[in-house]
Structure formats: C-alpha cells, structure tokens
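Below: the structure, in structure tokens.
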There are 2 protein chains.
Amino acid sequence: METLIVTEADLRACLPIDLAALEQVENAFSWIEQKRVSMPPVMHIEIDAQSDVDTKGAYVSGLDSFAVKIASGFFRNPERGLPSCSSTIVLLDSETGFCRCVFLDNGYLMDVRTGLAGAVAAKYLALADVETVGVIGTGAQARYQVESLALVRPFKRLLVHGRNPQKAADYRADMASRLGVEVAVADTCEHLVRDSQAVITTTPATERIVLSEWCHPGLHITAMGSDFGGKQELDPQILTKADILACDTRDQCRIGGEIQHLGAQADDMDIVELGALTSGVRSIARADADLTVCDLTGTGVQDTAIAVEAYRRVRAAGLGTVVS
Amino acid sequence: METLIVTEADLRACLPIDLAALEQVENAFSWIEQKRVSMPPVMHIEIDAQSDVDTKGAYVSGLDSFAVKIASGFFRNPERGLPSCSSTIVLLDSETGFCRCVFLDNGYLMDVRTGLAGAVAAKYLALADVETVGVIGTGAQARYQVESLALVRPFKRLLVHGRNPQKAADYRADMASRLGVEVAVADTCEHLVRDSQAVITTTPATERIVLSEWCHPGLHITAMGSDFGGKQELDPQILTKADILACDTRDQCRIGGEIQHLGAQADDMDIVELGALTSGVRSIARADADLTVCDLTGTGVQDTAIAVEAYRRVRAAGLGTVVS
C-alpha cells in the first residue's frame, strides 16, 4: 500500500485561492442538500482552557475519497512565536478505507476551505455590487476570507478593525499589496460596519462585537469566528431582524455558531442552509435593502471537498512523497 | 516543522508484543482512573452497512504527546484480497498541538494495543494457573489476543473455534508454530468453553455465541468482539451471573459492548473498570470458583499509550522518514 505525504509547501505550490477551488467548496454545500453526505458531529478533545483538538470528517457518496481532519488550536503558541492552529488531514479511499494521502498542511487547507466557504456565502447573499468590505479581526482568516471574497465580489475598498493597532497596520500593508485595493484601518467596529456593504467577522470573541443598530439596509454579514459553544460575535437581534438568515448546517450552528444564542427561538425561524442555495433547491431573491447574515461553523464535508481537490492537483503536478 | 512518517514495517521491526508494551497499555487504564484523560466519544462515519470509519483519541495530562487514530473497517475488502481493517494514527505534541508523527500502520498498532488490553484483563481476572485457553474466531485478533495472553498466563493448550474450517485449520498451524504449544480445533463453541479456563471471543457476531449454561466455575471470559451498537457475543445472563464483571470503560460498553444488552439493569450492577484494578484503587480477590468476565470495546487512551510507546521505540531505533 502506498501513501502520498504532502506538505504545506506542496499545497501552496498548486492550490492557491482560485475559482476552481471555490467551485469545489461550493459543491460541498450542495452534497449536504443532496443527502450524499455522512458526517458525524465534531470530535472535540479538550486539553485545557486555551487548547483543544477538533476532528471533523465526512464521507460523500460518489467521490472516490474522503477526508478526516485533525485540527489543533493551542492559543498559547504565539507566546513562543508559533502559530496557534495546525492540522493534519488524512484522505481515505472510498472503496477500501485505506489511507491514500496525508496532508501535513499546518492548517493551510483548513484556512483555504474556510475562506472559500465565506465567499460562497457572499456569492449568494451579498449585494451584487459591493464597494467596501469590512473585516473584523487581523489574523489568518481575516486574510483568507477577504482574498476569497475578491473572487466573487470585486470590491474597491477594504476596512479592517482589530484590537491590536500594530496587527491592524500590518494587515493593512499586507493586504494592500496583495489585493491592489485601498485598505484602511477603521477606528471602531461601528464605523467599519456602517461604512461597508459586506462585513466578515473572524474573531474568537465570546461576547457580541457587532451591534444590531449598526446594521443598515443592504448589508451582508458573514460571521465565521464562532464555531463552538460560548463563542459569539453578533448581537442575536441581528439574526432575528435579518431578512435572510443562512448558515452552513443548522445542527452545528445551533451548537457552536451564532445561532446557539437564539436558543429555542431558532425552532420557528426560517434558517436557510447554504446547500439549498448552491444546489438550486431554493432560490432567494435578495432585495437591495435586505439585511442578510450567514453563520458559518465549518464542516467536515468542506474538508473532504478541499482535500479531494488538493489530491487531484498534487498528483497532476507530481508533488508529494510516496511512502510504502 | 518536522514530522516523522512511520510505516507498518518500521513498527513491526521495533514493537512486537512484549512486556514493556503491555505495561504501557496497562498504564493507560490507570490514567483513566486517575482522571488524567480527556477522551471524547468515538467519531463514527457510517459508509454503508459493511463499511465505517471510527476515529478515537485521548489527551493524557503528563504525557508529552497524544494520539488520534482513524480506523477503517471495510468488510468487503477480503473479496478483493485486501484486509478489512486499516488505520492511520496521528501523534500530536501535547504542548503545541503540532503533528509529531504519522503512523501508516495499516492497523498494526491497533491490533497490538487491542491484544494487549485483553492480556491486562486476564492478568487481573483469570485464574493464576490457566492450562487451556479457548479462542472463538480465527482472524487477526484471535492471534494478537492469544499471543498477548501468553505474556501473562503461560498456558499449555489452545483451542480454537471458527465457522470456517479452513481458517480454523490455518489458525491451528500458524499458532502452533508461533507459540510452541498444542493447538486444537474445537468442533463447537460449547466444547471450547467447557474445556478452557480462559476464553476470548473475537468475532463480529450480532447474536450470542456463548451460552450461560456452558460457563463453569473458574472460567474467565474476555469478550472483545462487540464494540458497537447491535453487536453481541455473550448471553447477557453470563454478565449477570458473573462473580466479577469488568470492562474498559462503562460509558463505551453501555453503548457498544456486551453491557449494552443489559439495558437499565446495568445501573444497579457493580461493574469494575480495569483502571480501578490496574491503579490499585480496587483490589479484587478472585476465588478459584469465580466466574469472571471482561467486556472490552477499545478506547482512545489505549491508542495514545501505544502510539507514545511506538514513537519512543522508532526514535531510539532511528526508523521512519522525516518530512518537513
């Protein structure tokens, strides 16, 4: 039995954020809607208050392989100059269960698929013309989300807000050169939200950082920071007053997303899963003045989608190391 | 970041079934009792009626690394001449969450730790003098269990029973040469149980294959085949009439072990976790005429124990391939 070992460098060489990868992540949402996905709840290993390991995975009927991803978040790592998040993805053969490939991706594939999922949300829910994008947070996802969004909404201006002024300044310099658009630091979350047509929240916050009264007609918000019980970025009133409230999966968002803070109220609400939109099962006519919100927690099927795409590209490029 | 990639051949070269490995698996039970273990429920990906993937993992405080194991069971593989079970184990650094090592072990470490767990059960629960061991089933675990048991009970005679006569004959030849003891094929389960002091059941049965009336004074049974809802090897009356009923973890056995078939009756029973015995928190004086039973489902902490031991040995032997 041969297994391909693929490093982060291999992946960066063949899988940038691009439209083909976006399409694959978009397909992943449709697979859920088409009931082709066997996806158990996340396996959560609690290490301590600042460290955990989340394992996600999903089998998709009709695909020749599927992934299980082991993702660590060790939030004291930055004190030693190391990134908080890392991951290892194991790609299994759908016919035999054998390990085809191990991605030692240090979180790269997770960052890519998470960013692309945000772009899928904006593709279906944001105004067709987005001039200004606002991003709250200055970490890796603040970068991947915005770079992905640029694939579907060619915006002109980017606002960023973060608690640490130096990181916000670094982010501005970094993204201005990468995207070739104007990037400015917003002094408050309120100014950022009021001045943007599309807002992405990417923080580990545990209390609302975006208030309902800032949310103007036409705004789209993708909230991707909250993925676990106790996390929160949005005032729950934003969810209840939204004209369209979407999510990746209702089951996960009720446990770990913004929707957790609605409690039983969520039972009676029309919460659209992205897969209903991407598959065409539902079509939503967004009015110009609508407020739209998407709650993302990240699902195992997205890991399968990006891992299958990565394997295809790595093989085509002759990258990776075969171990047998 | 460097990751060590270790193959089945590397592992077979440095980690046979031996007393040091047994000690490590025995320690794993004590860690549970000492409340040093963070171990979530198994993540089960259902593929179809004959295929699934189970992911287990456990962090243990005080150890410098911990494991997440992805184990496939694809029971149509033998039709193509392939083994049903395979696995990949990822060893994570306890301080950073980074991937230290990937074991492409094809199920070898799982087989070893599962066999050794059976030996731990027999060490604490079987008669001191076991002359005849009986094993039901003729697959990999029928071998690993018996080889492990030989570390703690130097028996003279081995009986085997399986539904397929050819496989039973192959097993007899194989194990006779490997263990240097007399091996005989028992024509029925009943004869096997009546003639043995220690019985191990290793089948994927979903209905009782060992009946209560065959269980004589002094008998010890380790039932390790049932690890999922709907599986069963023992008549539930064996559990209720046992003088000592033990298990790996009550929580898992109530879901997937023999104990699942006791239903609410299990609430009122004294079911001993092996960790209470291995840690010395409880000591059990086994009377010669006692019937003892141990229900094993396999736990993530055993995977961590064997992976940590394997990593230590692989490093000491200079085996494996470094990828960075």
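Sequence lines set the chain letters: A, B, ... in the order given, protein chains first and strands last, and positions in each chain run from 1.
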(request) Can you tell which part of A:Ile47 gets under 4.5 Å to a heavy atom of chain B, answering side chain, backbone, both or neither? (result) both

(message) Could you tell me if the side chain of A:Val112 sits less than 4.5 Å from the side chain of A:Val25, heavy atoms only?
(response) no

(request) Flag the pair B:Leu92 / B:Cys99 as yes when at least one side-chain heavy-atom distance between them is below 4.5 Å, and no otherwise. (result) yes

For chain B and chain A, give me every donor-acceptor pair shorter than 3.5 Å, distances to one decimal.
residue: B:Ser38; atom: OG; partner: A:Glu46; partner atom: N; Å: 3.4
residue: B:Ser38; atom: OG; partner: A:Glu46; partner atom: O; Å: 2.6
residue: B:Glu46; atom: N; partner: A:Ser38; partner atom: OG; Å: 3.4
residue: B:Glu46; atom: O; partner: A:Ser38; partner atom: OG; Å: 2.6
residue: B:Ser72; atom: OG; partner: A:Gly97; partner atom: O; Å: 2.7
residue: B:Asn77; atom: ND2; partner: A:Thr96; partner atom: O; Å: 3.0
residue: B:Arg80; atom: NH2; partner: A:Glu95; partner atom: OE1; Å: 3.0
residue: B:Ser86; atom: OG; partner: A:Gly97; partner atom: O; Å: 3.4
residue: B:Glu95; atom: OE1; partner: A:Arg80; partner atom: NH2; Å: 3.0
residue: B:Thr96; atom: O; partner: A:Asn77; partner atom: ND2; Å: 3.0
residue: B:Gly97; atom: O; partner: A:Ser72; partner atom: OG; Å: 2.7
residue: B:Gly97; atom: O; partner: A:Ser86; partner atom: OG; Å: 3.3

(message) Within the 4.5 Å heavy-atom criterion, are A:Val102 and A:Ile89 side-chain neighbours or not?
(response) no

(message) Using heavy-atom distances under 4.5 Å, tell me whether A:Ile45 contacts chain B through its side chain, its backbone, both, or neither.
(response) both

(request) For each of A:Pro40, A:Gly57, A:Gly107, tally heavy-atom pairs with chain B at distances under 4.5 Å, and name the one with the top tally. (result) A:Pro40

(message) For the interface with chain A, which of B:Ala9, B:Ala71, B:Pro83, B:Pro41 has the highest count of heavy-atom pairs at distances below 4.5 Å?
(response) B:Pro83

(request) Please tell me if the side chains of A:Phe66 and B:Val53 come closer than 4.5 Å, counting only heavy atoms from C-beta onward. (result) yes

(message) What's the separation between atom CG in A:Leu109 and atom CZ in A:Phe103, rounded to the nearest 0.5 Å?
(response) 6.0 Å

(request) Determine whether A:Leu104 and B:Val323 make a side-chain contact, defined as any pair of heavy atoms from C-beta on separated by less than 4.5 Å. (result) yes

(request) Answer whether the closest heavy-atom distance between the side chains of B:Leu319 and B:Val6 falls below 4.5 Å. (result) no

(message) Side chains of A:Cys85 and A:Phe74, heavy atoms from C-beta outward: is any pair under 4.5 Å?
(response) no

